[in-house]
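Quick caveat: nothing in here was measured; it's all calculated off a predicted structure.
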Amino acid sequence: MPDTLTSAPQYHEVSLVPALLKIQQRYGYLEREALEQLSEEAEVPLQRIQAVASFFPHFRLTEPTKVVLHVCRDMACHMAGSAEIIENLGKLNGKQITVLGTSCLGRCDRAPAACVALEGVEHELYYLGRTADELRTVIEACAADAPPKTNLDADWTGLPANSKVNPYAGGLPDYAAVRKALDLRDASLTAAARVLAQKYWWNPRQLDIFRRAAILQMRVDFALEREMAEAVRCWQTESDWAKGPELGGWSEALLKEITDADLRGMGGAGIPAVQKWRDVRDAVRNARLRGQDDRAFIVVNGDESEPGTFKDRELLLRTPHLIVEGVILAGLITEATEGFIYIRHEYAEQIEACREEIHRAEQLGFCGENAFVLDRPFRVSVFVSPGGYICGEQSALIEAMSDRRGEPRNMPPKLESNGLLDLPTLVSNVETFAWTPYICINGGKNYAAEGVNGWNGRRIFSVSGDVKRPGVYETPMGLTVRELIYGEAYCQGIAGDRAFKGFAPSGPSGGFLPAVLKAPAGLPRDHVNNKAWQALAQRRGFDPAAMTLDILDLELELNLFRSLSPTQALGAGLVVYAEGRDMVDQAVNALEFFRNESCGKCVPCRLGSQKFASLGANLLGGKIAEKRWVEELLPLTKEMGKAIELTSICGLGRSVPVPLRTVGTYFEEDVAKHFNATPATKGQK
């Protein structure tokens, strides 16, 4: 590594996607001459711009009509009759009006969700929980240049007042967690100065240069003597004389708090959060030891597009300071050089809230080009996603930020070592970052103690569908499904006081679970000897030799679901179904979502999602006889599903078989209702 470096880090300048968003905002679509001008100015071939623009659903390649109404067609909105609304209002399509179905808009708690795109207006206008007639009135008013008042997220019920995720509730967020991290860093530098004064007899001036060079990551505008550069490198990499938590390993104290908290990634995988933080920090250290580019990035994955999931929407809007502080904390611990909050374009209020908080943090000196409290530059910005469910997959998200089509990468290598610009990148969910200030301020063990029934911590769930009070709820980890659905502090029961039929534990990705799991189809093999089963039976007070499990007795904790749930999935979005719902219809809706949102990069997912959607549609349409389903198609779905799961690049493909498989296994009565009584003819598809 050279002894003299630039005075500031070279930031990752994202250009193509933001430029396309500006063009669309100005013209209402991607006007050809504007694209040619962008190609010339950015020195990017027009065909590459076209490849990126054609991938993302938000970009319009042709001039739209004056009014474009998008109606969500997924899960909770489908349950609320969105398919009928789209069919009904589709009759208005003409020169001025277009009505389209669209994928989840993130407002499942106010289904059906719809939005209007108007010429010259930057963000869509949202109209939630409206009937077809009400939406017709909205369309007509918009066509007459008098759009009605929209539904704002800020006016809706947010996180409950007793939520603990915000340690600053009732006060002004002062970035106390970042201050704690800075105290640890500065204490380690003071300790390092004492060692250097004794080891090398350095004078106060040399020690001051060491401190400045260390904090600025050796990006200084003056020459460093080799001895000085080597001392800084030892502190940066916790090597030689700088080993130990009081010196170069100062960040271990904060990582230990995250470890004690047992904080998990809240995006669905449930990997211990500390693993990514430590991997990125160590990748930066290794780059320094090898004399390579030691930049790194922190990225918040706010591309919340899973149907039934909308909890990040509330965190980004109500507590943006927690996300910004989480990014800065991660930047300090990993020694990253820049942070991004990646937010889906449908969340206009959330984008503005985060930008305002970033500006406030810059004024306070906690981030920006002149982060005087940090004593080094650390820029944080919002990246607006141009849409696409696939961009919730972290490597696809990084591709979008890299001015490429948002298609998942084949891995390894991991993003923690080879992410944005092929440099170490920490990508985590909004909620994961949001909990880190609480943990660093109050301690990891304090957070862990917030769980119930022997589980650790707290979590935020989105609940929609057939419940009396859909919304976002912060719960202790280990709360039962029963208490979340029926508890007075939560959803308060099933709408219309109907019987509970089942629920989707992770949007469409986790399939559908019935009210009762039975052996051997639903419960694990030899379940009575399963330690998780035995512990649950003791806590819940049922017979450990039982052959059935009331799903409402399951506790909301990922490890328990992985042990006892047939789909092993527990996400952030729970969709509840009451008796009377046709689960075949719900499964086909989920299959169509996967078909619509498959990026098409890998053949198994591209073709498999279409095959599953077609098969489901034929079943729903009464085109399949029972004998053919049982003897031919059901075994085929299992074989085809296994092939897709084994060969798809990302989680979308692996989720494709789950909706039909779970409905076929656990809701046989619903499947039987759709069998064709006429025997299938030879060659029937």
Side-chain angles (χ1 to χ4, degrees), residues 64-94 96-118 121 123-157 307-310 313 346-349 462-472 491-498 501 504 507 573 575-583 585-586 588-590 592-593 596 620:
T65 56
K66 183 176 182 179
V67 179
V68 180
L69 177 74
H70 295 275
V71 181
C72 176
R73 58 194 169 210
D74 297 320
M75 296 198 91
C77 291
H78 179 71
M79 295 167 69
S82 63
E84 293 78 9
I85 291 173
I86 295 168
E87 182 179 3
N88 185 322
L89 298 182
K91 299 170 184 176
L92 299 176
N93 285 341
Q96 277 199 314
I97 296 169
T98 304
V99 177
L100 300 169
T102 192
S103 292
C104 185
L105 295 173
R107 275 84 179 184
C108 320
D109 47 348
R110 288 162 286 173
C115 66
V116 174
L118 295 176
V121 178
H123 296 291
E124 291 86 354
L125 308 178
Y126 282 83
Y127 299 94
L128 309 173
R130 311 294 180 97
T131 65
D133 289 341
E134 289 171 332
L135 287 174
R136 184 188 300 272
T137 301
V138 167
I139 294 172
E140 292 170 349
C142 290
D145 298 320
K149 183 180 178 181
T150 63
N151 294 115
L152 299 177
D153 293 333
D155 296 334
W156 186 243
T157 305
T309 309
F310 45 92
R313 181 196 77 200
E346 292 93 342
Y347 285 175
E349 294 169 73
S462 322
V463 189
S464 59
D466 290 325
V467 289
K468 292 181 179 179
R469 196 170 68 161
V472 175
C491 298
Q492 299 180 353
I494 304 295
D497 293 323
R498 289 174 288 172
K501 185 169 186 174
V575 184
V576 178
Y577 300 93
E579 280 295 346
R581 291 291 181 187
D582 182 350
M583 299 309 295
D585 178 50
Q586 306 307 317
V588 172
N589 177 252
E592 290 174 345
F593 169 78
N596 296 336
L620 185 63

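Taking 4.5 Å as the limit, some side-chain heavy atom of Asp497 sits within range of a side-chain heavy atom of Lys468. In this structure the side chain of Glu592 never reaches within 4.5 angstrom of the side chain of Arg73, judged on heavy atoms. Residues Pro148 and Thr137 are not in side-chain contact: their nearest non-hydrogen atoms beyond the backbone lie 4.5 Å or more apart. Side chains of Val67 and Val116 form a contact here, defined as non-hydrogen atoms less than 4.5 Å apart. Side-chain contact between Leu135 and Tyr127 is present, with heavy atoms from C-beta onward closer than 4.5 Å. The shortest distance between side-chain heavy atoms of Asn151 and Arg130 falls below 4.5 Å.
Between the side chain of Ser82 and the backbone N or O of Cys72 there is at least one donor-acceptor pair closer than 3.5 Å. Asn93 contributes a side-chain N or O that, together with a main-chain N or O of Val99, makes up a donor-acceptor pair within less than 3.5 Å. For Asn589 (side chain) and Asp585 (main-chain N/O), no donor-acceptor pair under 3.5 Å exists by modelled atom type. The backbone N or O of Ala143 sits less than 3.5 Å from a side-chain atom of Lys66, completing a donor-acceptor pair. Proximity of a side-chain donor or acceptor of Asp74 to a complementary backbone N or O of Pro307 within less than 3.5 Å is not detected. Of the possible polar contacts, one joining the Glu349 side chain to the Ala154 backbone as a donor-acceptor pair under 3.5 Å is found.
Taken from SG in Cys108 to CE in Met75, the straight-line distance is 9.0 Å, to the nearest 0.5 Å. A distance of 10.0 Å separates CG of Leu620 from CD of Gln586, quoted to the nearest 0.5 Å. Considering CD of Glu84 and OG1 of Thr131, their distance stands at 13.0 Å, rounded to 0.5 Å. Distance check, rounded to the nearest 0.5 Å: CD of Glu140 to CG of Leu92 gives 7.0 Å.
In the displayed structure, Glu87 atom CD is contacted under 6.0 Å by at most 12 heavy atoms of other residues, nucleotides or ligands.
Note on residues 104-117: pairs passing salt bridge (Lys or Arg N to Asp or Glu O under 4.0 Å), not counting sequence neighbours, are Arg107-Asp153, Asp109-Arg313, Arg110-Asp153.
With Leu125 as reference, Leu118 is the one residue of Val138, Leu69, Leu118 to meet the side-chain contact (heavy atoms from CB on, under 4.5 Å) rule.
Scanning for ring pair (Phe, Tyr, Trp, His ring centres under 6.0 Å) contacts around Phe310 gives an empty result, with sequence neighbours left out.
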